[in-house]
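Data first, discussion second: the structure below is written as structure tokens.
Heavy atoms only: backbone and side chains are in, while hydrogens, waters and symmetry mates are out.
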Amino acid sequence: MYVDKLMEIEERIVWLRNQLTEMSPSGEEYAVLYSELEKWEKSYPEFITAESPTQKDTDDFDGEISLPITRKVKEITGQVKLTDYLSRIDQSVFMQLLPKGIEVELHYENGRLQYACTANESANGKYVSAILAFSQDVPRFISYEGALSVRGCLFYTASFLEVHPEFEWLSDDADREVQRNRRVMVFHTSSLQVDLPMLEKLGFLIPYHHVYRPDAFQNLIHDCAALYAFDSGYELEGVLLSVGKEELLYRPRQSIQNRLDGKTIVITGVLSKRRYDFRKDIEALGGTLAGTVTNRVDFLLMGTNGIGTTKYQKAVKLGLPIMTEEQFKEQYDVK
């Protein structure tokens, strides 16, 4: 069975090479085929030949070769383990938020978006240029000469997920509302010269990030927990910490984020128990229950029939996070 699988892979690689060298595909088609061939050859280097288009292009290229985007991320949970890890480090740590969603790659050539594809661990990414075309976070043109591959994360806002819990992540026939709500946050690039601040200047949405020196690691631990608990409008995969070439995905334990210390909450809609009981739950977690929606409120707790109420409309207008009763009970361990 394994031999049969290898034969299938080899046949696919040969087919891709023939398409690239003999069939003269269009620019977009060439980019997609070339990307797939390159990924297969990286996974199965024993099938690489000197006649492969990937090898020829590399030999003939006399400019700067962009490094491939690769990430080997260690995972860690718990403040004690993170403290122990940081105690053995004597260099600065770069911290950024990592949204939870689907990884995508955007490929640019001389400032023009050529194509986009999914960037998961599989050898063949899905071509998603048309799907991401309406995202407000995907610029069609950037001020950059040469080739640039940008890796990011496709996600949806929490408020959109609340109203549309049934949608698919990727759908070619999605309606306009779904298309407009696709967000793409960029957190990596193929060029060592292009960092996150520069990507932001080029027009991309980038995550919150900060650099911590060794003498400020205690602040890093506190900030990680606070950022992970903060309702940013989207789900977090974790906090990505970069130390040199090593990367660490930090996921604080639930106990760190199940407090409401200093937060103000407003309730709208019908809940499963009395508001007086919810007030006791909120106060026990260190929070405060208010009766009016203002810009000082941290989030709106919404029960059934909450959509369309005056409080809901004002919260949406102010851009406040909105949480259902089920989400509230799960996150803060409320019965």
Side-chain angles (χ1 to χ4, degrees), residues 16-17 19-42 52-71 99 101-120 122-156 169-174 176 178-207 209:
L16 288 167
R17 288 173 183 161
Q19 292 293 310
L20 289 168
T21 56
E22 299 176 7
M23 303 305 294
S24 300
S26 64
E28 282 194 348
E29 292 173 334
Y30 186 94
V32 174
L33 294 170
Y34 185 96
S35 177
E36 182 183 350
L37 175 60
E38 190 175 41
K39 289 178 179 178
W40 278 119
E41 289 182 339
K42 285 179 181 178
S52 173
T54 60
Q55 303 305 303
K56 285 186 176 182
D57 288 354
T58 301
D59 293 340
D60 296 338
F61 189 76
D62 56 1
E64 178 187 355
I65 299 177
S66 297
L67 297 177
I69 304 175
T70 57
R71 291 200 302 127
I102 298 177
E103 286 194 32
V104 293
E105 282 184 351
L106 310 172
H107 296 264
Y108 291 82
E109 187 71 38
N110 292 323
R112 184 185 182 91
L113 178 64
Q114 296 297 313
Y115 70 97
C117 62
T118 56
N120 51 30
S122 65
N124 184 16
K126 181 180 179 181
Y127 183 75
V128 293
S129 302
I131 291 176
L132 296 184
F134 291 93
S135 173
Q136 59 183 310
D137 306 316
V138 179
R140 312 293 292 187
F141 302 93
I142 58 176
S143 301
Y144 188 86
E145 295 183 1
L148 181 67
S149 297
V150 178
R151 177 169 289 196
C153 187
L154 168 68
F155 67 95
Y156 290 86
W169 275 108
L170 295 174
S171 175
D172 295 315
D173 57 352
R176 291 277 179 171
V178 174
Q179 293 171 341
R180 286 195 302 268
N181 280 275
R182 290 192 179 108
R183 306 303 305 272
V184 178
M185 183 175 287
V186 172
F187 52 82
H188 266 288
T189 174
S190 60
S191 172
L192 294 177
Q193 284 72 43
V194 181
D195 55 12
L196 288 183
M198 182 175 176
L199 285 174
E200 188 172 31
K201 291 180 181 178
L202 291 176
F204 296 99
L205 176 67
I206 64 171
H209 58 280

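- When every heavy atom of Met198 is checked against every heavy atom of Gln193, the shortest pair comes out as SD-O, 4.1 Å.
- Looking only at distances, no side-chain donor or acceptor of Thr118 sits under 3.5 Å from a matching main-chain atom of Val104.
- A salt bridge (Lys or Arg N to Asp or Glu O under 4.0 Å) check over residues 127-144, counting only residues at least two apart or in different chains, returns the pairs Asp137-Arg183.
- Shown here for Ser129 and Ala116, the closest heavy-atom pair between the two residues is OG-N, 2.8 Å.
- In this structure the side chain of Tyr108 never reaches within 4.5 angstrom of the side chain of Gln114, judged on heavy atoms.
- Between the side chain of Asn110 and the backbone N or O of Gly146 there is at least one donor-acceptor pair closer than 3.5 Å.
- Here the closest non-hydrogen pair linking Ser143 and Leu202 is O-CD2, 3.5 Å.
- Of all heavy-atom pairs between Ser191 and Leu148, the closest is CB-CD1, 3.9 Å.
- Contact check for Phe187 versus Glu103: side-chain heavy atoms found under the 4.5 Å cut-off.
- Between Thr189 and Val194, the shortest heavy-atom distance links the atoms CG2-O, 2.8 Å.
- Ile206 approaches Met185 most closely through the heavy-atom pair C-CG, 3.7 Å.
- Under the side chain to side chain contact (heavy atoms under 4.5 Å, CB included) criterion, Val186 pairs with Val150, Leu199, Phe204, not counting sequence neighbours.
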